[in-house]
Structure formats: C-alpha cells, structure tokens
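Below: one structure, written as structure tokens.
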Amino acid sequence: MGIGELDREAHVPEGRPRGTAGSPRTLAEALRARGDDGLAALLRARPDLLGPVPNDLTQLATRAGTRASVVRALERLDRFSLQVAQALAVAPDPAPYPVLLGLFTGGRPEPAVEEALPRAVALLREQALVWGEDDRLRLVRTARELLSPSPQHPSPTGLGPTVAEATAGMSPGRLQEIVAAAGLPSTHDPVSAVAALTSLFTDRERMAALLDTAPPEALAVLDRLVWGPPYGEVTAKPTAPVGWLRDRGLLLPVSPRTMVLPREVALHLRGGRAHRAPEPRAPELAVARAYGPAVVDGAAAGQAYAALATVEELLKSWEHGGPPVLRAGGLSVRDLKRTAAALDVPEQVAAFWLELAYGAGLLASDGEADERYAPTPAYDDWLDLPPAERWVRLAGAWLAATRTPGLAGGQDAKGRTLSVLGPDLDRAAAPEVRRRVLGLLAALPPGAAPAPDTLLARLRWERPTRGGSAADRTPAAPGAPAAAPPETAGGAWASDSRPAPASSTASPADLRERLARWALQDAELLGITGRGALSTAARALLNLPLDAPAEPSAEGGGVEPEVARERAAELLEPLLPEAVDHVLLQADLTAVAPGPLLRPLADALAVLADVESKGGATVYRFTPGSVRRALDTGQAASDLHAFLAAHSRTPVPQPLAYLIDDVARRHGHLRIGAASAYVRCDDDALLGEILADRRSAPLRLRRLAPTVLAAQTDPSSLLDGLRAMGYAPAAESAEGDVLVARAAARRTPVRTPPAPVPDGPPPPDATLLAAAVRAVRAGDRAATAVRKDPVPAATTPGGLPRTSPAETLATVQAAAMTGSAVWIGYVNAEGAASQRVIAPVRVEGGFVTGYDHTADEVRTYPLHRITGVAELADDEV
C-alpha cells in the first residue's frame, strides 16, 4: 500500500466535515481526540513512530499505518489481543462491539472472554491498531490486509473469503445455477445473486434446513474444512458429495482444482465463533519446588563464586598467548574442545563462559598479524574489584548481551558453521527474552522455582507464533477435498515479517523458546538463580521487590541502575566465601587451600605449584617442573622456603623441602647463551654425559672446550630440549648473568565490549515522550489552523502553503506591525518540511523573528526558506 492510500485513511481533505469526538472519521481524528497521556502511551508502545518525531497527528497516523510499523506492533501482541485483531479482520468493517464479542462466544455466555475482551480492545486502540468507538470498531487498513484471508495466506482463524470475494469473476450464468440449486428464486444480476446467497448462509434457520438435506458424506467434507485450512483440492471429476456442495455454493471454486469454504458457511458451522479455542487468560505459572529464600541465596552465591573462578581461570590460561583467531573470525572447534577440557565443562558451557567474558569486555583479539585471543586491560581492572562487584559486572553484561552462545555449532543460511566468538551470533530478541524470563521468576514468591513447561507456555502466550494459535490451524483430515499444503495454511503475514534468524531454519517462535531455555540454564550457571529460583541479589539487580512477588509485567524501575547494582553487590557480598591467607601443606607434596586465596598468595602459589583439583578446597601439587618455574622467576631456594613457612598453617614437610633444595641445587648448573647457542658448565663430566645421550642428537651439540658445548639451534629450543632430557639449565645474558624468566602477561590493546544489536528503537524516556507529544500537538495546531483566505498548497497531506516571495514578505511584515499570528510553511537546511504558526516581531535582513507557537519559543527563520504564508482566523491563536 502506497503513501497515498495510507493518507486516505489518515487525512481528511480540506473542507470535508470531520467526525465528532465520539465518532471519528479517520485514524488521525481518533488520535486528535486523545489526551496527551493517550499519545504518550502510543509512542511508548510503538517507539518506531518517533524516528523522527512526526510533524503533526496526520503524519503520526500515516506512519502508524505503514506496513513495517504495523507488523512490528502485531508481533508484540499477546495471544488474545492478536486473536481479537484476527477476528476484526474477518468481521464487517466497521464492526460493532457485540458483533466482535459474538465472534468469540457464538452467542453463549463466556465470562472469561467477556472480562478480557474490553482490555484487549483497549490495548489495540491504545496502539492505534484499532480506532473508532465501540459501535464502529475499525482495524487499521494495513493490519486488515495482513490478517485477512487470501488464497496465498489464509487467515489464522482458519476462515476463508466471503461469498462476494470468492465469487468475484464468476460468470452470471454459473451464479444463477448456484442460486437455483440452493432453492432460491433467480435474480436479474450477479450482485443480487451474491446478496441472496449471503443472506441464505447467514440465516441460521434456512441454513440449517439446507444442511439437513445434505448427504452425510458432504457433511463430513464440511467437518474437515470448518476449522481450516478452508481450501481443498479436488479431482477433475469430483465425488458426488463434493459436487453436491459445489452446486449449492457451499464450496466455491478458486481455481480449476481448488475449492474454498466460504466464510459465512464456516461461521454457521462453527456456531458463529472465529476461533476454535479463544485464550483470554495467560497460562498460570506452576511452582515446581519451593525453598527457603536463604537456601536459594546460598546456592546462587555458590554458583556466583564458581562463575568468578571459572572466568578468572579461563582468562589466566590465555594470558601468555591464547588460541588463534580463525580467518572468518571466531574460535576453532579444536580450541573450543581444548578450552572445555581445561575448564572440565561441556563444550556448550565453555562457549557460554567465553561469550560472557567477551561480552563483558574482558577478552578480545589482539589485532596482530598472527591474531590471537588474549585478556584486555579491562580484565586487570576487573580483577581489582571486590568479588561481589565483579559478579555484578558479569551479570549486567549477560543481561544486555545480544550474542547467543547456544547457536554456536549450528549453521547459518549459507550452510556455514557458526563459531564461538565469531560473527552472526547476535540475536536482538535475546535481552528481552532473558529479562522476561527473570520477570516471570520474580512474579513467584521468593524461593519458588517454576515448572519450566508452564513458564514456556506463558512466554508463548505473551508472544504467540506469527501464524496465530495452533488450535486455529488444525489440518483437514485425509479425503476429498484434500487440505491445502502446510505452506499455504500458515500465518497471513509470516512472509511479510522480518526473516528468520540466519542460524537455522527454525521459526522465530522456536528461537524465542530456545532463548528462554538458554536463559534458564545460563542464569543458573551465573548464580542469578539458585535451584531454579530467583536470588535476592538478582532481584535487586533487576530493580524488583526483594521480599514479595513482583507484578507479572514488571520490567524494573524505581531506583537508578547504578544504585541497583550497588544494592545487589551489598546483598551478595556476605554470602561469598572470604579469602584466606594460608594453605595446609601435606607430606605427599600437595597443599590444600581451604577457601579462596588472597590474590597475591594465589598468584605466587600458581607459579610454585600446579592445580590438581578444584572445588570447595583447591589442591595444589608441587613438582620439579613447578619448582623450577618458580626459580626461573629469579627466586632462590631460601625465598621459597620462607614463602611456604609464612603461608602454611602446618610445618613445611621434609619431602617438599628436599624437593626445593634438590631442584635449586641443579638449577642454573648449566648455562645457555647465544653463539648461535652454547652450553657451559664447570663440570665437564656432565657435559660429556649430555653428549653421550642419544636424546641430544636433534640439538647437534659439539664440544668447543672442556666446559663449553656449542649447539646449532636457538637458545630457547636448547633450553626446552635439555629440560625435556631432565636437566635444569638456566639462560644467561651476554654478560654471563642469569636471565630471570618472569612470565609476562599478554594483553590486547584497549578494546570496547561488543555493542548489543538493538531490537528496534529503544523505549523513549519520560522527557522524550513529553517533548514529542508537545511537538506533535503544536505541529497539528499549525496544520489544522483555520486560515482567513484559501492559500494554494501542495497536494500532499498537510501540504505547505505556497505564496510568492513578495506576498510572503508583505504578509509577515503586516503581521509584525499588527502583532497577529500567521501560518507558514518552512523547509530547513536538511530539506525537512514543516508547518508552523508564528507571531512575527521583527522582519529585517532577509530573516523573520517571532514567537513560534509550534515550538513554544522565539525563533528566527530565513525568508527564502519559507514556502508560503497565510493569515489565521481571529480566534485561532
């Protein structure tokens, strides 16, 4: 539908009588009759209408009727509101409220529907999808086109076209044959024939009498089509039951091989109901288990601590050179498996931690020629924060992230595998689904964990599938005529909506359900939930009540986000284990950390020993290699003995002391330098032992002097080779000093976290809404102001006045002298046109200065940008 067609719905031409406030003739008039709160509610619900702010209400109405905006609004309706819109699409236009109610109840009492229907109509009216009073409800034209039945897209209600639509193009002779077969008197023209058939099919008594004469097989055919799809295929020679229905117009041809059940016939067979199963109420959330809030908070705190430890372990393992970046971006499958094995978690969980660190800005690629992943400088700042604040940072990044690690390993539309940390993992709906899942958890009493199936059912009701309710799309049973193929029985506007995510062939509704399942799993991993229930710290982070169920529609609010984060950290801090400053040394060359270690102690112990097992207590094991690693950092054996004695609650075991002394005695006995490389040692017998060892052959050593060996390899390779043979050489400088091999942590340049992909325009705040409503109101006053004399204007809706430059100058000068207001058309430097009402006070130098009633301030306008001017009636301003 073009702009001109939209305008005919939104704009009333000059001179045409307008409807009263109780009976608007157009959507623009209906919006004009709203208060400021009503306009603000519309703009809040449909923020896409604000880009940019409409000049007036006519433009707002036109924009609200565009296809993209209507599709977006329909996608955000709950199931019952969408069912109401679908019913209006098959109802007469306009439809009185009793007719709409009858399409849901069939004339029988339905308390749930009768209670919910006014709210649904009010919601549709608020979002400008429906306008008019209850005696003349009108669905916006674009929504009607999207939801109305057509051969390509049957209605989600399962209803087909009306008799008039299905018989369009049928020959007059064939129409008369149908009229006669139905027992009606012949007519003189096709219009009256169609009217007679429609009258018959909508008359319950006459229709019942006609169906009483139908063969049982014909009634069975109607039963298969009544709830849709209404289309069926027939053979070249249809069976007798199908022929009986066709002859009487109960089935009408839409092609040589396809028949359709007219809407009036289907409604009669349904008892007047548009939907097979109206769903006026949202499914209730069932509580699977209920725990004490303290139990939930304790479990969540344990998960939060594990999350911090996992992220820290992951990034520490990549400090000295992470895995390479694939050419197409992302992490290879092999490196993902290695990471999962190192973290001792499944690959999908490892993908979650990687994406979480990436989304929080703690991990990125270094941008070098040989591009690799490494921690960012922000990681060091994050490590310096208290544990609770570190968790808040991770949880906040997860809530806002659009990257979806659950999609990793799948394929995009081109069959390419989606990689962790790679492109194409963003899904704009992810943050909204996460917050909605957590909002539903918050609606339960503190400590209550929901049954996942009921939570998913609630989400499906809040955001139904694009084709409508599954109950409305029951396929026809086998037989003649056969049901239309599934692709012709889907939603009436599915193909006009945004394309499905590129990660798979799943429908958007299926993706939304998977996002909800992933949100539940990720929230448990991260410690936002404990045992399936929302923790108190998470409630504070979401800005929701801490000790009572939140409203089901609660989205947070009440305090500033920074205050909410601080509050969440304060609630979590006492529940996290306190860091300890000691270990317990054991005779089997292990050390047990009875809790999280203070950072300096943990860093030093990580160099001196290897982590053997993790859990509530971390076990470290001392090996010759780990002790040598500590000595390589420049420490002496006495330093290591003093360190262990100072931080152990048990005496240093004799085997550990012997291990340190033995490795220290041999450490540095061999010296490696650059010749290309050489080995020197005061013990010529040791050098002879090395030369005699077959494992030294790849090093290609030869003796230069009794205490010096030369090697045809670089010093680092020589170091590695001798260490692999069981020796403990030390590297030395050109001056002969021992080189301290202190591990240098690798960091990327400063990186910003990946920006979430927005799911449409952000919700406007109160300040923007108030300003937008004022601007639209002012622009509308300018557009609808009554002028004294007709002025030539553009043919577009709300067209700008057109006068010559001389007439424009004379009119504004006269207005400045008399202090009156004028209506002007103005085109700014960007080419945007608008209408304004101004009271000129000064005209000089090619500019007019005056009070702009539209903007509610004094402004100056160049005269050459004013397209035209007209005087206003005396009672307008």
Side-chain angles (χ1 to χ4, degrees), residues 1 5 8 88-95 99 103 138-139 141 144-145 147-155 157-215 218 221-222 225-226 228-270 272 274 481 484 488 492:
M1 181 166 55
E5 293 175 326
R8 285 195 289 274
L88 282 171
V90 297
D93 186 29
V99 171
L103 287 173
R138 292 183 181 273
L139 191 65
R141 184 183 303 176
R144 178 174 289 275
E145 291 175 354
L147 299 175
S148 293
S150 70
Q152 293 75 27
H153 302 294
S155 168
T157 61
L159 293 170
T162 63
V163 172
E165 294 167 346
T167 56
M170 185 178 289
S171 67
R174 177 60 186 143
L175 277 173
Q176 294 302 324
E177 292 175 1
I178 294 175
V179 167
L184 298 173
S186 61
T187 64
H188 300 288
D189 57 83
V191 175
S192 57
V194 170
L197 282 175
T198 303
S199 176
L200 170 63
F201 295 159
T202 55
D203 188 314
R204 301 193 64 83
E205 293 183 1
R206 289 195 294 157
M207 187 65 175
L210 176 62
L211 292 176
D212 286 342
T213 64
V221 171
L222 293 179
L225 296 175
V226 62
Y231 293 91
E233 294 182 0
V234 295
T235 60
K237 294 182 178 180
T239 60
V242 174
W244 191 93
L245 295 170
R246 182 191 59 185
D247 293 342
R248 287 154 182 80
L250 298 175
L251 288 181
L252 293 171
V254 292
S255 73
R257 298 292 299 273
T258 305
M259 307 292 288
V260 67
L261 182 68
R263 187 184 309 171
E264 293 85 352
V265 177
L267 285 173
H268 174 83
L269 296 172
R270 295 180 179 194
T488 67

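Start at 1 with the first residue, then count along the sequence. Not measured: the values here are computed from a predicted model.
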Arg246 side chain to Pro253 backbone, donor-acceptor under 3.5 Å: no
Does the side chain of [Y] come within less than 4.5 Å of [X]'s, by heavy atoms?
{"X": "Thr162", "Y": "Glu264", "value": "yes"}
{"X": "Leu147", "Y": "Leu88", "value": "no"}
{"X": "Ile178", "Y": "Met170", "value": "yes"}

[atom1]-[atom2] distance between [X] and [Y], expressed to the nearest 0.5 angstrom:
{"X": "Thr235", "Y": "Lys237", "atom1": "OG1", "atom2": "NZ", "answer": "9.5 Å"}
{"X": "Ser148", "Y": "Arg141", "atom1": "OG", "atom2": "CZ", "answer": "12.0 Å"}
{"X": "Leu159", "Y": "Leu267", "atom1": "CG", "atom2": "CG", "answer": "5.0 Å"}
{"X": "Leu184", "Y": "Arg206", "atom1": "CG", "atom2": "CZ", "answer": "6.0 Å"}
{"X": "Arg144", "Y": "Asp93", "atom1": "CZ", "atom2": "CG", "answer": "4.0 Å"}
{"X": "Thr198", "Y": "Asp203", "atom1": "OG1", "atom2": "CG", "answer": "12.5 Å"}

Assess the residue pair Leu175 and Val194 against the criterion (side-chain contact (heavy atoms from CB on, under 4.5 Å)); give the C-alpha distance rounded to whole Å, side-chain angles, the decisive distance to 0.1 Å, and a yes or no. CA-CA 8 Å; Leu175 277 173; Val194 170; 4.3 Å; yes
Donor + acceptor pair across side chains of Thr167, Arg174 (<3.5 Å): no
Can you name the nearest heavy-atom pair linking [X] to [Y], along with the distance?
{"X": "Pro185", "Y": "Val179", "result": "O-CG1, 3.2 Å"}
{"X": "Phe201", "Y": "Leu210", "result": "CE2-CD2, 4.5 Å"}
{"X": "Ala166", "Y": "Pro161", "result": "CB-CG, 4.1 Å"}
{"X": "Asp247", "Y": "Ala181", "result": "O-CB, 3.3 Å"}
{"X": "Gln176", "Y": "Ala193", "result": "NE2-CB, 3.9 Å"}
{"X": "Gly249", "Y": "Pro262", "result": "O-CG, 3.6 Å"}

Val265 pairs by side chain to side chain contact (heavy atoms under 4.5 Å, CB included) with which of Leu251, Leu197, Leu200, Leu250? Leu250
side-chain contact (heavy atoms from CB on, under 4.5 Å), that's the test. Do Thr202 and His268 meet it? Break it down for me. CA-CA 7 Å; Thr202 55; His268 174 83; over 6 Å; no
Before giving the answer on side-chain contact (heavy atoms from CB on, under 4.5 Å), spell out for Leu269 and Leu211 the whole-Å C-alpha distance, their side-chain angles and the decisive distance to 0.1 Å. CA-CA 10 Å; Leu269 296 172; Leu211 292 176; 3.7 Å; yes
